[in-house]
Chemist: 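Handing you this structure, nothing more for now.
Just so it is clear: chains get the letters A, B, ... in the order the sequence lines come, proteins before strands, and each one is counted from 1.
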Amino acid sequence: MQTTSLPPYLRSLNPEQRRAVQLTEGPVLVLAGAGSGKTKTLVHRIVHLIRGRGVDPARIVAVTFTNRAAEEMRERVKAYAGAEARQVLLSTFHSLGARILREHAHRLGLPARFAIYSTPDQLAALRTACAEISIDDDSFDLKRIARRISDWKSRRVDPVTAKREVAAGITRGNRADAYAVLAADAYAKYEEVLRASGAVDFDDLLLLPVRLLSEDEEVRRAVWKRWHYVMVDEYQDTNAVQFEMARLLAGSRRNLCVVGDDDQSIYAFRGADVGNILEFERHFPGAAVVKLEQNYRSTQRILEAANAVIAGNARRHPKRLRTDNGPGAPIDYCEYADERAEAEGVAREIQTRRLTHKLAWGDFAVLYRTNTQARVFEEALRERNIPYRVVGGTSFFERKEVADATAYLRAVAHPHDEIAIRRIINYPARGIGRTTVLRIAELAAQRGVPFAVALESLDAGDVGAAPARAIAGFLDLLAAARQGLAAAEAESARTPFHATLPPIARWADEFFRQIGLEDEIRKDPRNARSADARSDNLKDLVGSIARYERRVWDDAATRMGGPLLEAAAEPPEDWSPPTLAEALARLALVDMNEEDDRRTDDASVALMTLHSAKGLEFSDVFLVGLEEGILPHARSLDAAADAEEASAADPLAEERRLLYVGITRARRRLSLSLCKTRGKSAAPTVPSRYLADIPPELLNVRTEGAALSPEESAELRKNFFSQMRAMLGSEDA
DNA sequence: CCAGGGGTCCTTTTT
DNA sequence: GGACCCCTGG
């Protein structure tokens, strides 16, 4: 074989992977099956560009969906390509969008230091927008409107077109959808509220850069000069805007390599369009296509089940995963009486198998369709003292205390941020109630000035005497905080050494204490059990500001060429010192959950949704709640019943892919289960339709609480004692 | 006009 | 667990 003459980074690849790596010019579609070494292929492609083709690392950009994926690739590229790999840009779509937007914000009349609104702020902005167009009866669902608007934005539909679309839909005789009409009206106003606050939402981070790129030749040229090789991971999850972004980034060079698996497309609900990967060869004529069908992860039985399930979908790039692994154990299938029994059964299994098969807690994962299913499993695991971690769930910034704290910071950093100010104007309660706030909003509208301006220029008699005093006190608080922040930022700009808490972080910490945020948390009886966790979240927030400040200085240091920057040295030219506004913008782009709850971890059982599980693998996987109404989810069933929506993207096909993703997470052993009854309803559940597609000969149907086989119980006894000895031994040490 | 307590409802999936 | 509603008392 001539493989020995290949450089090491190519030698460890199979022929399929090697081909994907060596096709460096022009459009390339890599159809990567589950467990086929997709990340490895991408990483080695980057290394090959640098090492094999002599490409300047700074000309390479790889776009991912999550910070975790970007981080993982960064580590691995660094391991192969060394220090110069730092120059490769590994970024999420949203961070890349923010980066492009920041550089050219002025072209859109946006401040360079725009605020980024995450979900709670977005909803608040929408609430304000709705109030302004007098949709103020509380009988509508804001989140539903928000979802609608987000749909439009991810399809590049502007407010005017949205309105026209809705009108056209109604004249076509569609079921009158009051929400669509409402949402179309709210959309335009919502955009106004965002701009007035100098803020953008997550969708804007994609939409606005794409607008810049498609309308502004100069922006395009700047981007093309900078990046010559573009890679996109998880391409099946791109929406219309992300597709445009990828296309525009690649430009006429067309050095665009996308990697993905249409069978793992599970984000249609946020606008992802499988069409992007299915039609890649049409979008980019002459594209090379490489399939990675060799699976390195699972046993034959598990793959057969996966293949059988996914074969039920019609519209896909046909792939057939194969493996050199052995057949493996049969797939367990168990029907439990109810959720409680299912959770206990799974917990018992985990406890037993850890000993019989010498596994670590981290080898197990329990995967479910919805976050709410987690609770009963938490309880069952806790009762048995099995360490677990819940991955995902409510994100860091959706936690009330974090949203409150960041609103305070934003109110200080962005004085015209109406949404932030309104969130905190009466928290902690300081005597500025609902009526007064509404009164001020009214005045602002009457006088045609921003809310913050109206607040600062109240006349006698505008509001009562007591509220007026309270408002004056609030404004003093903000003014003082702004002074304090200015001082902290000045200090941070000249202090490269941050042995303790860096200045801005220290200021924030003191600010929170001065406001009494922690006291407020502890005072609320609803937080009785969660108070410590919540106050830890505040500390994490401060900690992440500190990390940001240190990183800014680290950047300066690396660019100066030394690990440590002498206090006397001048920072590089195009470097700017840390600011709170910048810290907040960066924070909004990282999910703080991602930072610490490392999804793979030896020491605990993982609990997560099927969505969160994508890209991960575990030795033993439990897929629970496989019932009609759960998987496929009732909402998808409703949507599928709607002929209109079904024609766009079949919601049930996506549910099927979700199961496919779940099955293919398992390396060694897969256990499927369902509950014969669920919740308060006595009505029996119906097994998920997808179960019928799994060939029965692959299954080992177990009854609840089945006894162990003689071999298993012998193993269990044997390992139990050695485990005990190990534990005792480690305690002595 | 404001604060705080208590009850009720729901909950797809997420950058 | 959380958002939200209504009620009571100051």
Chemist: Ring-plane angle category for A:Trp152 and A:Tyr187, please: parallel below 30°, perpendicular beyond 60°, tilted otherwise.
Modeler: parallel

Chemist: A:His611 and A:Phe269: aromatic ring centres closer than 6.0 Å?
Modeler: yes

Chemist: When all nucleic acid strands are considered with a 4.0 Å heavy-atom cut-off, which category describes A:Thr609: base, sugar-phosphate, or nothing?
Modeler: sugar-phosphate

Chemist: Between P on B:dT14 and CD on A:Gln236, what's the gap in Å once rounded to a whole number?
Modeler: 16 Å

Chemist: At less than 4.0 Å, is any side-chain N or O atom of A:Arg635 found next to OP1 or OP2 of B:dT11? Yes or no.
Modeler: yes

Chemist: Against A:Asp237, only a single residue in A:Arg270, A:Lys614, A:Gln242, A:Gln264 fulfils side-chain hydrogen bond (donor to acceptor under 3.5 Å, both in side chains); can you say which?
Modeler: A:Lys614

Chemist: May I ask you to say whether A:Arg410 pairs ionically with A:Asp121, meaning some side-chain N is under 4.0 Å from a carboxylate O?
Modeler: yes

Chemist: If you look at every strand shown and take non-hydrogen atoms under 4.0 Å, does A:Asn371 touch a base, only sugar-phosphate, or nothing?
Modeler: sugar-phosphate

Chemist: Just to be sure I understand the rule, does A:Thr436 reach a base, reach only the sugar-phosphate, or reach nothing, if contact means heavy atoms closer than 4.0 Å?
Modeler: sugar-phosphate

Chemist: Using whole Å, what does the distance between atom P of nucleotide B:dT13 and atom CD of A:Gln264 come to?
Modeler: 20 Å

Chemist: Between atom CZ in A:Arg375 and atom P in B:dT12, what is the gap in whole Å?
Modeler: 15 Å

Chemist: With stacking defined as ring centroids separated by under 5.5 Å and planes differing by under 30°, is A:Phe93 stacked against B:dT15?
Modeler: no

Chemist: Once you round it to whole Å, what is the distance between P of B:dT14 and OH of A:Tyr117?
Modeler: 25 Å

Chemist: Remember a base hit wins even if backbone is also touched, and classify A:Arg657 as base, sugar-phosphate or nothing at under 4.0 Å, heavy atoms.
Modeler: nothing

Chemist: Round to the nearest Å and state the distance from A:Asp151 atom CG to B:dT12 atom C1'.
Modeler: 14 Å

